[in-house]
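Worksheet: one structure, shown below.
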Amino acid sequence: MITDARVLTAHFVPRDVEHRHEEIDRLSAALDPLLDGHPGENASLFGPTGAGKTCVARYTLRQLRERLPGLDAQYVNCWRDGSPFAVRRRLLDAVGDTTDVHRQSTAIDALRERFRAALDGPFVAVLDEVDQLSSTDLLYDLNATPEVTLVLIANREAELFADLDDRLDSRLRGGVTVHFDRYGVEECAAILRSRAERGLDPGAIDEEGLRTIADRSGGDARVAIDALRAAARAAERRGGDRITDADLADAVPTARSTIRERRLETLGEHQRAVYDAIRAAGEIEPGPLYEAYSDRVDDPRSRRMVRNYCAKLDQYGLIRAEGETRDRRYSVVEE
DNA sequence: CGTCCACTGGAAGCCGTGGCGC
DNA sequence: GCGCCACGGCTTCCAGTGGACG
């Protein structure tokens with residue numbers, strides 16, 4: 001039934017991006033000056049997960065490079081490569097030789113200098129999940145490099161700009177800002193339809209099935225695409241040649257829990273103990289949480305570290321932190 | 001009202017690790 | 001083999017915030 005599993009992953013960038021033409025146009029307009037050899041305008045893309053930000057950025061960049069094959073550009077996911085060193089190395093990758101850049105023995109300034117020296121024209125740096133960057137110095141530096149056009153992607157605008165000082169702030173705000181909303185059911189169904197056409201046998205899923213998944217995914221295209229794949233797998237396991245209501249029943253929960261499981265697996269022992277302690281309690285305040293966590297591990301980390309863990313779990317969407325100071329409470333996010 | 005207290009999150013500094021050049 | 005360098009993970013310290021309480 002599945003003819004091309006690659007298409008059924010959220011990270012696949014399709015030939016045509018559904019329902020994001022306006023966003024693509026606005027980002028393209030920012031980058032258009034590059035076609036004449038000038039730097040583009042900086043751009044920022046904001047919106048919830050699964051709203052198509054990364055897809056639009058990658059798609060637009062691909063289009064641009066088809067028209068301008070010599071353009072130097074790099075996409076960096078700051079969640080995976082979050083240190084300034086890692087980002088700089090990835091950027092240098094695009095324009096220079098990094099075979100002699102070994103893990104940690106090359107001074108970070110040297111990377112910057114080599115990057116600058118290797119630039120011989122406009123450069124587009126797409127920084128995805130840029131709010132995960134451990135230091136904003138890098139943004140100032142790239143911003144001050146005339147050849148570099150920045151495309152920044154983040155969930156929430158306020159949180160990204162909160163850390164930036166006025167100079168960078170105003171230059172980024174002065175650039176193009178594109179807001180992404182969650183997809184509606186129709187839009188999400190259209191995305192699934194085109195994925196199904198390319199990744200599944202014809203007739204493997206009907207219109208109603210697509211809408212069911214779209215509706216249950218709450219406008220998150222990533223969940224929806226994962227759910228389509230899960231439903232197709234369920235049908236395959238059954239030996240069926242088309243997706244039925246029974247295959248759809250658990251598709252979205254399965255997709256969500258797969259996404260969550262994947263994230264849980266990346267946690268270390270102590271982070272996991274904090275998560276388990278919160279899960280066991282249902283809802284818990286910071287004091288009791290630290291006690292509960294301490295009981296679960298042999299060599300507990302400091303309270304400060306537990307706060308860092310909680311911040312990370314919150315960013316992962318695994319727990320929710322409510323309340324500000326005295327009335328802070330943590331709870332797990334259920335599927 | 002002022003004081004105390006619990007908690008947050010930024011900053012600074014420590015340390016073990018690992019690859020490199022000498 | 002040794003010192004260097006940057007890293008990530010960690011602790012300690014601290015200013016700020018806001019509810020509780022005398």
Side-chain angles (χ1 to χ4, degrees), chain A residues 76-93 96-117 127 129-142 154-169 263-278 281-333:
Chain A
V76 183
N77 185 313
C78 300
W79 181 268
R80 210 170 37 237
D81 295 308
S83 70
F85 185 86
V87 175
R88 283 190 200 281
R89 187 178 47 194
R90 297 266 294 130
L91 294 177
L92 181 58
D93 252 338
D97 180 15
T98 54
T99 50
D100 64 324
V101 177
H102 298 289
R103 285 222 311 121
Q104 279 141 6
S105 58
T106 308
I108 198 154
D109 289 345
L111 284 186
R112 187 179 63 217
E113 290 316 310
R114 284 176 55 177
F115 176 68
R116 289 193 167 182
L127 304 184
E129 309 206 43
V130 68
D131 44 341
Q132 299 301 319
L133 214 50
S134 60
S135 151
T136 52
D137 291 354
L138 179 70
L139 291 183
Y140 293 93
D141 193 58
L142 291 174
N155 284 351
R156 277 166 294 199
E157 181 169 5
E159 281 162 33
L160 175 61
F161 286 126
D163 296 339
L164 305 178
D165 87 14
D166 298 342
R167 260 183 47 240
L168 183 55
D169 189 324
R263 289 190 168 164
L264 281 176
E265 278 164 21
T266 68
L267 300 180
E269 178 198 351
H270 292 271
Q271 296 165 353
R272 184 61 193 247
V274 170
Y275 176 81
D276 288 342
I278 296 170
E283 191 177 72
I284 192 165
E285 288 155 38
L289 171 59
Y290 187 73
E291 299 302 314
Y293 151 77
S294 300
D295 288 343
R296 284 172 182 267
V297 294
D298 290 337
D299 182 20
R301 301 286 179 254
S302 66
R303 290 176 183 273
R304 182 68 186 89
M305 211 52 211
V306 169
R307 269 178 266 149
N308 285 346
Y309 295 154
C310 287
K312 182 163 184 174
L313 293 170
D314 190 22
Q315 284 177 340
Y316 269 57
L318 291 168
I319 67 165
R320 213 180 1 253
E322 285 168 304
E324 283 305 299
T325 52
R326 282 289 285 255
D327 51 344
R328 179 54 81 90
R329 277 169 215 284
Y330 298 105
S331 54
V332 297
V333 174

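Predicted model, so just to flag it, every value in this text is computed and none were measured. Every chain is numbered from 1 and lettered A, B, ... according to where its sequence line falls, protein lines coming before strand lines. Just so it is clear, the values below take in all heavy atoms, side chains as well, and ignore hydrogens, waters and symmetry mates.
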Just checking, any donor-acceptor pair under 3.5 angstrom between side chains of A:Tyr330 and A:Arg328?
yes
Name every residue in residues 312-329 of chain A that has at least one heavy atom under 4.0 Å from any atom of DNA chain C, in order of residue number, or write none if there are no such residues.
A:Thr325, A:Arg326
So which protein nitrogen or oxygen atoms get under 3.5 Å of nucleotides 10-13 of chain C's nitrogens or oxygens?
unit_1: C:dC10; atom_1: OP1; unit_2: A:Arg301; atom_2: NE; d: 2.8
unit_1: C:dC10; atom_1: OP1; unit_2: A:Tyr309; atom_2: OH; d: 3.3
unit_1: C:dC10; atom_1: OP2; unit_2: A:Tyr309; atom_2: OH; d: 2.9
unit_1: C:dT11; atom_1: OP1; unit_2: A:Ser302; atom_2: N; d: 3.0
unit_1: C:dT11; atom_1: OP2; unit_2: A:Ser302; atom_2: N; d: 3.0
unit_1: C:dT11; atom_1: OP2; unit_2: A:Ser302; atom_2: OG; d: 2.7

Min side-chain heavy-atom separation A:Val76-A:Val130 under 4.5 Å
no
Given side chains that start at C-beta, do those of A:Asp276 and A:Tyr293 come closer than 4.5 Å, heavy atoms only?
no
N/O (side chain, A:Tyr330) to phosphate O (OP1/OP2, B:dT8) under 4.0 Å:
yes
Within the 4.5 Å heavy-atom criterion, are A:Ile319 and A:Ser331 side-chain neighbours or not?
no
Nearest-angstrom distance from the residue atom CD of A:Glu291 to P of B:dC7:
10 Å
Backbone N or O of A:Glu283 within a donor-acceptor pair of the A:Arg329 side chain at under 3.5 Å?
no
Could you check if a side-chain atom of A:Glu291 sits within less than 4.5 angstrom of a side-chain atom of A:Ser294, using non-hydrogen atoms only?
no
Would you say that A:Tyr316 contacts A:Val333 through its side chain, given a criterion of any heavy-atom pair below 4.5 Å between the two side chains?
no
Within a radius of less than 6.0 Å around CD of A:Glu324, do more than 12 heavy atoms belonging to other residues, nucleotides or ligands occur?
no
Using a cut-off of 4.0 Å on non-hydrogen atoms, how would the nucleic acid contact of A:Gly268 be classed: base, sugar-phosphate, or nothing?
nothing
